[in-house]
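Per chain, numbering begins at 1; letters A, B, ... match sequence-line order. No hydrogens, no waters, no symmetry mates; every other heavy atom, side chains included, goes into these values.
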There are 2 protein chains.
Amino acid sequence: MARDGTATRDRILDSAMQLVMDKGYGGMTVDQVIAGAGITKGAFFHHFKTKSDLAQALLERYVRLDDELLHELVARAEKLSHDPLQQYLIFVGLLEEALRSPAESPPGCLVASYVYQLELFPPDTREAVINSFNEWRRVLCPKLDAALAKQKTKLPITSEQLYDNLMSLFEGGVIMSRLYRQGATLADQVAQHKNYVELLFGQHD
Amino acid sequence: MARDGTATRDRILDSAMQLVMDKGYGGMTVDQVIAGAGITKGAFFHHFKTKSDLAQALLERYVRLDDELLHELVARAEKLSHDPLQQYLIFVGLLEEALRSPAESPPGCLVASYVYQLELFPPDTREAVINSFNEWRRVLCPKLDAALAKQKTKLPITSEQLYDNLMSLFEGGVIMSRLYRQGATLADQVAQHKNYVELLFGQHD
DNA sequence: CGAGACATACCGACTGGTCGGTATGTCAAT
DNA sequence: ATTGACATACCGACCAGTCGGTATGTCTCG
């Protein structure tokens, strides 16, 4: 191997990430990407065969970091309690904490952005996005199922609906946070999901 | 006036609406719009000065229909009860009902789509989007404030946070519904917001 | 050790096609 | 006859992607 190109590749991905968040994939040009990364067209097409190849790489990196965060928070929650409901509530609390910290990346979910432009991508992109959601589902629903089996809730509910509730609040919270430019809104909504689950399980009577 | 062009104008808007939902504004070309509307370039630029003029008209129409739905549902809810909390809960129930009906348009919120491409639009587009959200806030928060003044909730909460909860669940629910292609997810999440408010106000003890 | 063969990283001018937008004309209804 | 509602032909800018070439590193073998 010759010179190490990973730094350049990362800078391309960073530049593209910001542009996709601000303009969408269809509204972003590769000239803008290379300008943001401070490189040239030759370098870009050395690292990515096509623009849509970049889109796929961007999604892969995003999903990978997302999964890492998920598993890290779950592992921490599992160490803090053995009860599945408490593990779930602690996990949501840790997620809220992570979103509240100012160091966290500016609000914006690549997956949500792609969902509103799915026709620009090949069909397997949709599947990759679904798989990304399903990973969270695979990890979290068993906790909720265990809690539901152990205790009756105040209202009839399924683990899938509660999972969808968390995901909806997250994605919707991102939109609100982006629009109003205050990240606290997102963290507040994740906190309210915790409230909701606690109330359902009668933790505040 | 010569021939009536409003039908053509509406067909352009309809075609553009579908394209924006599938590809985003930046990923949509006016050639695609005119192909979908079955007209020519001359007709398009007769009705809209520029592509971004179309974007603005699209947003205006969307917000207008959105506001009409809001006020219709609120008026119906106000006729069904005099208690502010009940009015709010009935309103959310009517909204759920409207979203559950199959006649309702396929899931997709133009406002959310714009939020993920704000840099493609002039700054006043963001303000128009914010105003759209604030109209719902202006109508719904007083109901919640009246309810909060009358009765203590099980957990501390503000009307703004509850309003954000409804909006987040709506926008996030749209994303989930779009991705999984089942509209029930969206209606389910609106229903869960109702659950949450009811639990907060101790309606299930 | 050193030279040269080779692979990867990167550059920037160039290309074919598509983009948003315009110029000009025709037709229908008043 | 005039005006608004379209259609057709066309333009320059910009788009994604290509290509010939250079710079810089590693590996091999004498």
Side-chain angles (χ1 to χ4, degrees), chain A residues 1-59 61 113-114 117-122 125, chain B residues 1-61 113-114 117-122 124-125:
Chain A
M1 214 196 282
R3 285 175 285 171
D4 184 14
T6 56
T8 301
R9 192 187 139 97
D10 284 342
R11 290 182 58 194
I12 294 174
L13 287 172
D14 290 342
S15 172
M17 180 69 181
Q18 191 178 330
L19 284 162
V20 168
M21 281 301 152
D22 291 343
K23 310 187 169 198
Y25 173 74
M28 169 190 81
T29 72
V30 331
D31 282 329
Q32 291 166 347
V33 174
I34 69 175
I39 51 135
T40 63
K41 215 148 206 186
F44 178 90
F45 283 101
H46 172 75
H47 286 283
F48 302 99
K49 271 175 298 187
T50 64
K51 186 188 172 189
S52 78
D53 192 40
L54 166 70
Q56 192 184 328
L58 211 52
L59 181 60
R61 186 177 75 159
S113 173
Y114 278 28
Q117 314 176 64
L118 273 182
E119 294 294 313
L120 298 179
F121 306 109
T125 297
Chain B
M1 211 196 285
R3 285 173 285 171
D4 183 12
T6 55
T8 301
R9 192 187 139 97
D10 283 342
R11 291 183 57 196
I12 294 173
L13 288 172
D14 290 341
S15 172
M17 181 67 180
Q18 190 178 329
L19 284 162
V20 168
M21 281 301 150
D22 291 342
K23 310 185 169 199
Y25 173 75
M28 169 191 81
T29 72
V30 332
D31 283 329
Q32 291 166 348
V33 174
I34 69 176
I39 50 132
T40 63
K41 219 154 202 185
F44 178 89
F45 282 101
H46 173 72
H47 286 283
F48 302 98
K49 271 176 296 184
T50 65
K51 186 189 172 188
S52 78
D53 192 40
L54 166 70
Q56 191 185 329
L58 211 53
L59 181 60
E60 277 170 14
R61 186 178 76 159
S113 173
Y114 277 28
Q117 314 176 64
L118 273 181
E119 294 295 313
L120 298 179
F121 306 108
D124 52 300
T125 296

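- At most 12 heavy atoms of other shown residues, nucleotides or ligands fall within 6.0 angstrom of atom CD in B:Q18.
- Closest approach of A:A37 to A:S15, counting heavy atoms only: N-OG, 3.6 Å.
- Residue-level contact check: B:T40 touches the bases, meaning some heavy atom is under 4.0 Å from a base atom.
- Within the nucleic acid shown, A:K51 comes within 4.0 Å of sugar-phosphate atoms alone, with no base atom in reach, counting heavy atoms only.
- With D:dA16, C:dC11, D:dA7 as the candidates, the nucleotide lying closest to the side chain of B:A43 is D:dA7.
- One atom, CE of A:M28, and another, P of D:dC15, lie 12 Å apart when rounded to the nearest Å.
- Counting to the nearest Å, the P atom of C:dC19 and the CG atom of B:D31 are 6 Å from each other.
- At a cut-off of 3.5 angstrom, the base of C:dA13 holds no donor-acceptor pair with the side chain of A:K41.
- At a cut-off of 3.5 angstrom, counting only N and O atoms as typed in the model, there is no donor on one side facing an acceptor on the other between the side-chain of A:K49 and the base of D:dG17.
- Phosphate proximity of C:dT18 to B:T29: absent, as no side-chain N or O sits under 4.0 Å from OP1 or OP2.
- As rounded to whole Å, 14 Å separates atom C1' of D:dT18 from atom CZ of A:F44.
- Close to D:dC6, at under 4.0 Å from its OP1 or OP2, lies a side-chain N or O of B:H47.
- Between A:L58 and A:V20, the shortest heavy-atom distance links the atoms CD2-CG2, 3.9 Å.
- To the nearest angstrom, C1' of C:dG20 lies 15 Å from CG of B:L19.
- Within the structure, every side-chain polar atom (N or O) of B:H46 is placed at least 4.0 Å from both OP1 and OP2 of D:dC6.
- Remark: P of D:dC15 and NZ of A:K23 are 9 Å apart, rounded to the nearest angstrom.
- As rounded to whole Å, 13 Å separates atom P of D:dA5 from atom CG of B:D10.
- Between D:dG17, C:dG21, C:dC10, one nucleotide has an atom nearer to the side chain of A:T8 than all others, and that is C:dC10.
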| query | Would A:M28 and A:L54 count as a side chain to side chain contact (heavy atoms under 4.5 Å, CB included) if you check the C-alpha gap in whole Å, the side-chain angles of each, and the deciding distance to 0.1 Å? | reply | CA-CA 12 Å; A:M28 169 190 81; A:L54 166 70; 4.0 Å; yes

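- Separating the CZ atom of B:F48 from the C1' atom of C:dC19 is a distance of 19 Å, rounded to the nearest angstrom.
- Smallest separation of non-hydrogen atoms from B:F48 and B:R9: CE2-NH1, 3.6 Å.
- Between the CZ atom of A:F45 and the P atom of C:dA9 there is a distance of 17 Å, rounded to whole Å.
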